[in-house]
Protein chains: 2
Amino acid sequence: MRKTPRQARSREMVERIVTAGRAVLIADGYDAFSTNRVATVAGVSPGSLYQYFPDKAAILDVVIDRYWEEVAERVAASLADRIGEFGPAMVRDTADALLTALEADRELLRVVAEELPVQRSRERRAALERRVRELVATYLAARPATSHRPQAGVAAWVVVLAVEGLAMRWVLDQPAFVSREELLDEMLALVGGYLLA
Amino acid sequence: MRKTPRQARSREMVERIVTAGRAVLIADGYDAFSTNRVATVAGVSPGSLYQYFPDKAAILDVVIDRYWEEVAERVAASLADRIGEFGPAMVRDTADALLTALEADRELLRVVAEELPVQRSRERRAALERRVRELVATYLAARPATSHRPQAGVAAWVVVLAVEGLAMRWVLDQPAFVSREELLDEMLALVGGYLLA
DNA sequence: TCACGCCGCGAGCGATTGCTCGCTTTCAAC
DNA sequence: GTTGAAAGCGAGCAATCGCTCGCGGCGTGA
């Protein structure tokens, strides 16, 4: 950030710019994400925009950061709530939380996952994965009975990646032959079968 | 294609352009993928380039199509060879073939998977997935003993997605805590445990 | 109320990019 | 050898985009 907004109106302006950035991404895709367009949609002049954002990427960063932060928050909260629980119910609930979080902003997920030059988005998403992976790894290490896999870290990597991949693709592609409940059943079978194999 | 090259030299030129496009993508990333740059690297004038390619995207399409076609060819071939076989060995061999195919051009995979506005790439990758998924589905349907999952189509979707996701991420991220052999073991446990859960 | 600093404006600069067009060179059929 | 088509060239057009800068309006403390 080039300058911190001090008065109320400038704080609102920064907010409007971020919202407009998100709107442009959803409505017209990344190609249309030009600084002038974002400024127009925000009802703001390009000059004003550049008083608070050093460059175009900075706007994008805020939009992306907010998105993944929201998803991470929901999943981590659900996982943390159930860290004392045991077995299949916990897996199902967490997967459900992830699905819900991804479904909440499907249009933005589409742009973020399929259209963006994802350097920045990757970092954020990797952070989310690491966060969840560590929770899963400590959980597995603490309860050997839940897993026959020798290395908790590796098992956590596999589980998180598989579940995340399935969730994202299901939300984005909406395959007609798998309902939401079926998907959760399949995830449960996948994770359970793997850990106890 | 705007015009079909008739003489040998023009066919060579088209070839040089595609090769240059791939080289630019790998060396400098998608941002540097400008028509003038590709033409320069190919040792060709922009005008010549536009005699055979209608626009910039067309060059990119050929590069991407060739890449996924190569991967699909290898995996499908390996799978088709082992369609008569049975059980774990087949899974392992196919996953191995996928890994090898992805490793063969890791730099291009990185650009294609992480940096490209992937509309076109997605279609191609989806085609590869569909191809493999159908092979897996018919295999599962024909041999009920290998799977306790009630719906072969759903099971194929889950298996292909999970294995592909793990393979891509492993090749791209090269996580230090999972060796290639370990990865194949984990994939086997994942698929085997799921199908027989 | 005055004055200073925060705020906001928007025309437009400088650079880049995708692509064209008029021209020359090379090839192949007769 | 002649000729017409195919191939190739490259300066540069038109448009876009990220970003700046000089100027005026507004809020706030004294």
Side-chain angles (χ1 to χ4, degrees), chain A residues 1-25 27-64 111 115-117 119-121, chain B residues 1-25 27-64 111 115-120:
Chain A
M1 243 201 217
R2 181 174 279 185
K3 193 167 81 175
T4 41
R6 308 197 179 279
Q7 301 176 8
R9 55 176 172 153
S10 55
R11 276 193 298 271
E12 280 166 23
M13 200 196 59
V14 167
E15 205 47 41
R16 279 213 313 279
I17 291 171
V18 175
T19 307
R22 185 180 164 286
V24 168
L25 276 183
D28 307 304
Y30 177 67
D31 284 346
F33 190 84
S34 70
T35 54
N36 289 350
R37 177 128 178 71
V38 171
T40 304
V41 171
V44 154
S45 89
S48 304
L49 188 152
Y50 277 94
Q51 282 204 319
Y52 303 99
F53 295 91
D55 53 29
K56 171 177 149 168
I59 311 171
L60 200 61
D61 281 353
V62 176
V63 176
I64 293 174
V111 179
E115 213 177 328
L116 241 56
Q119 208 68 1
R120 174 70 182 186
S121 178
Chain B
M1 251 224 192
R2 181 174 279 183
K3 191 167 81 174
T4 41
R6 308 195 180 279
Q7 302 176 10
R9 56 177 174 153
S10 55
R11 276 192 298 270
E12 280 165 25
M13 198 195 62
V14 168
E15 205 48 41
R16 280 213 313 278
I17 291 171
V18 175
T19 307
R22 186 180 164 286
V24 168
L25 276 183
D28 308 303
Y30 177 67
D31 285 345
F33 190 83
S34 70
T35 55
N36 288 350
R37 178 129 178 70
V38 171
T40 304
V41 171
V44 154
S45 89
S48 302
L49 188 153
Y50 276 94
Q51 283 203 320
Y52 303 98
F53 295 91
D55 53 28
K56 172 177 148 167
I59 310 171
L60 199 63
D61 282 354
V62 175
V63 175
I64 293 173
V111 180
E115 210 176 331
L116 240 55
V118 267
Q119 207 69 2
R120 175 71 181 186

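Applying the side-chain hydrogen bond (donor to acceptor under 3.5 Å, both in side chains) test to A/Ser48 and every residue at least two apart in sequence or in another chain returns A/Ser45. Under the side chain to side chain contact (heavy atoms under 4.5 Å, CB included) criterion, B/Pro46 pairs with B/Asn36, B/Ala39, sequence neighbours left out. Under the side-chain hydrogen bond (donor to acceptor under 3.5 Å, both in side chains) criterion, A/Ser121 pairs with A/Trp68, not counting sequence neighbours. For the salt bridge (Lys or Arg N to Asp or Glu O under 4.0 Å) test, no residue two or more places apart in sequence or in another chain qualifies with B/Arg9. With sequence neighbours left out, the side chain to side chain contact (heavy atoms under 4.5 Å, CB included) criterion links A/Gln51 to A/Lys3. Checked against side chain to side chain contact (heavy atoms under 4.5 Å, CB included), B/Arg37 has the following partners two or more places apart in sequence or in another chain: B/Val24, B/Asp28, B/Ala32, B/Ser34, B/Val41.
The salt bridge (charged side-chain N to carboxylate O under 4.0 Å, His left out) analysis of residues 12-25 of chain B, with sequence neighbours excluded, yields the pairs B/Glu15-B/Arg66, B/Arg22-B/Asp105. Evaluation of the salt bridge (charged side-chain N to carboxylate O under 4.0 Å, His left out) test over residues 38-58 of chain B, restricted to residues two or more places apart or in two chains, returns none.
For the segment residues 16-25 of chain A, no residue has any heavy atom less than 4.0 angstrom from an atom of DNA chain C. Within residues 44-59 of chain A, the residues approached by DNA chain D to less than 4.0 Å at the level of any non-hydrogen atom are A/Pro46, A/Gly47, A/Tyr50, A/Asp55, A/Lys56, in residue-number order.
Counting any heavy atom pair closer than 4.0 Å across all strands shown, B/Ser34 reaches sugar-phosphate atoms only and no base atom.
Counting 5' to 3', DNA chain C first comes under 4.0 angstrom of a heavy atom of chain B and last does so at the ends given by C/dG18 to C/dC27.
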